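Encoded as structure tokens, the structure appears first; notes follow it.
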Amino acid sequence: MNQKRRIYLDHGASTPVDPRVIEAMAPYWATVYANPSATHQDGRLAAQALDDARQTIARLFNVQPDEVIFTGGGSASDNLALRGVLWAARQAGRGSHLITSAIEHPAVLQTAVQLRDLFGFAVTVLPVDGNGRVQPADVEAAIRPDTALISIMAANNEIGTLQPVAEIGAIARAHGVLLHTDAIQAAGHALWDLQTMPVDLLSLAAHKFYGPKGIGVLIARAGIELVPVITGGSQEEGRRAGTSNVPLAVGTAAALRLVAEEGARRGAALQALRDQLIAGVLAAFPEGCRLTGHPTARLPHHASFAFRDLNANDLLMHLDMAGIAASSGSACKSGSPKPSAILQALGLGPAWTIGGLRLTVGTQNTADDVAAVLDVLARAVPRLRQLGAPLVQG
Amino acid sequence: MNNDTQVENRVVVAMSGGVDSSVAAALLVEQGYEVVGMMMRLWSEPACGGGPAAANRCCTPDQMADARRVADQLRIPFYVLDAQETFRQVVVDSFIDAHARGLTPNPCIACNRQIRFTYLLNQALALDAAYLATGHYARVRRGENGRYQLLAGVDAHKDQSYVLHVLSQEKLAHALFPVGEYRKDEVRALARRFNLPVAAKHDSQDLCFLSDGDYRRFLREYGRDAAPGPIFNLAGEALGQHDGLPFYTIGQRKGLGLTAPEPLYVLRKDVARNALVVGPRAQLGSDTLLAADVNWVAGEPPAAPIQAQVKIRYKATAVAATIAVVDAAQVQVQFAEPVLGATAGQGAVFYDGEVCLGGGIITGRAP
């Protein structure tokens, strides 16, 4: 492989597991490994570790331990939230209408589409403004007597925009409708006190905040009925069957504790790098490049742009060859990129919508990394623009 | 391209997922180059009936997976470029257009000139590669005078220099053809030695953008409507009707729907009258032809007529001829013995033994 030093700027996609998290998980692979549902001592030891993890997470969000459900990942949490609430609501005659937004992650949108097309649920998809923000007034206007759930993400993965969750939550409460928030991108940067933040269901994924892959959390406030998606044994109080993954649960708790302890410091450092990136890119490309997402109400580690008349995959290739890992909303491994639905939702036209670039910094990145990526972009973008000129009759 | 950041030993390999380009990549890695694998997504029509794509059509997702697997095994980067629109316009549309004008094009010539060795070459140079390598059976040599020569591949049965006759000095300076030094069976042996997952793969046949190899059906579906018209003999008598000029080839005997005392062959397509002109086999031969869009690999045309061997289609045997320059982009080819079935739109490619001198597109018989 290419010997260049790697500069990883794709933390929105995944993050390295913190060594302290790895250490916390260590005993649970081969030392304390029994099934926590078992009645014997070995099982009880594992169950205790699982309990401790659950308690830690509950404390960090100021909820009760039985409001914390471990799932198979972020997408699994989103699926359980939507399917679980909507099926239960329909069963109980409380309605079958879902309100969501055009910029949700596919784990929410594709689930909504299937619920609508295969199972007859009603779905309202709200538009967003040019910065990708959902208007609380639009949410309120969409609520119907049969609305059973509102699902609006905390922060968008592609454009980083933070949503007005508190306001939307207040509206949901006022109308007696449940609010689910996909906080998978956001949780690593801000832990919410769910006694004051009016959110009923919250999805998390550990691998976005220096925890392990393969596990997620759905926080579901007490009293919320959920029809389980994965059925079988009675783990997770019957809400999600399957042998509990003790090491990953322990890792999730450890990673979240580090977020609580170090989040503010991390956030400040990340934001500084983010702002250097944004300033640098916009200065280097005054024409044909724009920041996407809200300029200030955005994730502290997230810089995203759209380049006009550029195929972002070609740009990612140049970055990769220079040792830089980044991503795009229209990244495509098979040479047939689709315009980004998120950029389209912002109102960008076809000249822009395969030109999205996302740079997400993490705790190991430095100002030198920022300088390096600005350098590579300064060379690669003009070269690619030149190639895009009408084909020379060679 | 003026490029002071060019990496001298960096080479982009055009990978198709097939044996030849995979072995080319492996050879270059072994030779110590910094190799980057690239594949272009080209346009091809959807598989017939919406079923699974036919095996070995270029650039399908399966091909891509194969190429990616080879790249992973060789531990080289691998990227896919979106060339669908460019390919469609430059290769497919011009294929359809040429047929509509009574020509029989070889789209691989346009593809190699404008897609592989313009679009892809430019992408490779933009990535600071010094070379673009392909799995073609051909060779490049640098002569003592610094001029590049294009040579036929060592394996005469597989030689692909024919489609590369369009390359200029500037482009040859950046071209590598690693498998041209080997016979096909040696290339397969190399694939096994390198333990490549594609070692046993069959070679691709047919035009890459056809789902089933049937270009007549493709033209019916994607081309402009081709009107039926008359079939004339050389005396100008109408013998029958044809279904549309694109569906016939020069030299075709069957499928004309004619009854005649002696076999009749398609001699030429008269676009102005939308007619097929047929005649006996003896009339199929021509001892001259004109070719346009001529590329001379050496960089300029010869000062005086030259003796050479000429192929009038990809699979033809090269035959002796004299080539005389008519003007900057046209030549007249005079064959020592008449050739059968010289077809307007095909490439006429000139050789001096194993050296490919260049070539052009046949426009018709010389007056």
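All values reported here derive from a predicted model rather than from experimental measurement. Here is the naming used below: chain letters follow the sequence lines, and residue numbers restart at 1 for every chain.
- Heavy-atom distances place no part of Asn313(A) under 4.5 Å from chain B, backbone and side chain included.
- Rounding to the nearest 0.5 angstrom, the gap separating the NE2 atom in His318(A) from the CD atom in Gln123(B) is 6.0 Å.
- For residues 332-358 of chain A, every residue pair satisfying the salt bridge (charged side-chain N to carboxylate O under 4.0 Å, His left out) rule, not counting sequence neighbours, is listed here: Asp10(A)-Arg358(A).
- Residues passing the salt bridge (charged side-chain N to carboxylate O under 4.0 Å, His left out) test with Asp66(B) are Arg69(B), Lys201(B), sequence neighbours excluded.
- Note that OG1 of Thr118(B) is 11.5 Å distant from CG of Leu387(A), once rounded to the nearest 0.5 Å.
- Remark: Tyr131(B) OH is loosely packed, at most 12 non-hydrogen atoms of other residues, nucleotides or ligands lying under 6.0 Å away.
- Atom CG of residue Leu384(A) and atom CG of residue Leu127(B) lie 9.0 Å apart, to the nearest 0.5 angstrom.
- Chain B is approached within less than 4.5 Å, heavy atom to heavy atom, by no residue from residues 108-118 of chain A.
- Closest approach of Gln84(B) and Ser336(A) over heavy atoms only: NE2-OG, 3.1 Å.
- With a threshold of 4.5 angstrom between heavy atoms, Val36(B) approaches chain A through side-chain atoms but not through N, CA, C or O.
- For CD of Glu8(B), the number of neighbouring non-hydrogen atoms (other residues, nucleotides, ligands) closer than 6.0 Å is 12 at most.
- A search for salt bridge (charged side-chain N to carboxylate O under 4.0 Å, His left out) contacts involving Asp314(A) returns nothing, not counting sequence neighbours.
- Taking CE of Met317(A) as the start and CG of Leu81(B) as the end, the distance is 5.0 Å to the nearest 0.5 Å.
- To the nearest 0.5 Å, atoms OG (Ser334(A)) and CE (Met64(B)) are separated by 5.5 Å.
- Within the 4.5 angstrom heavy-atom criterion, atoms from both the backbone and the side chain of Asp128(B) approach chain A.
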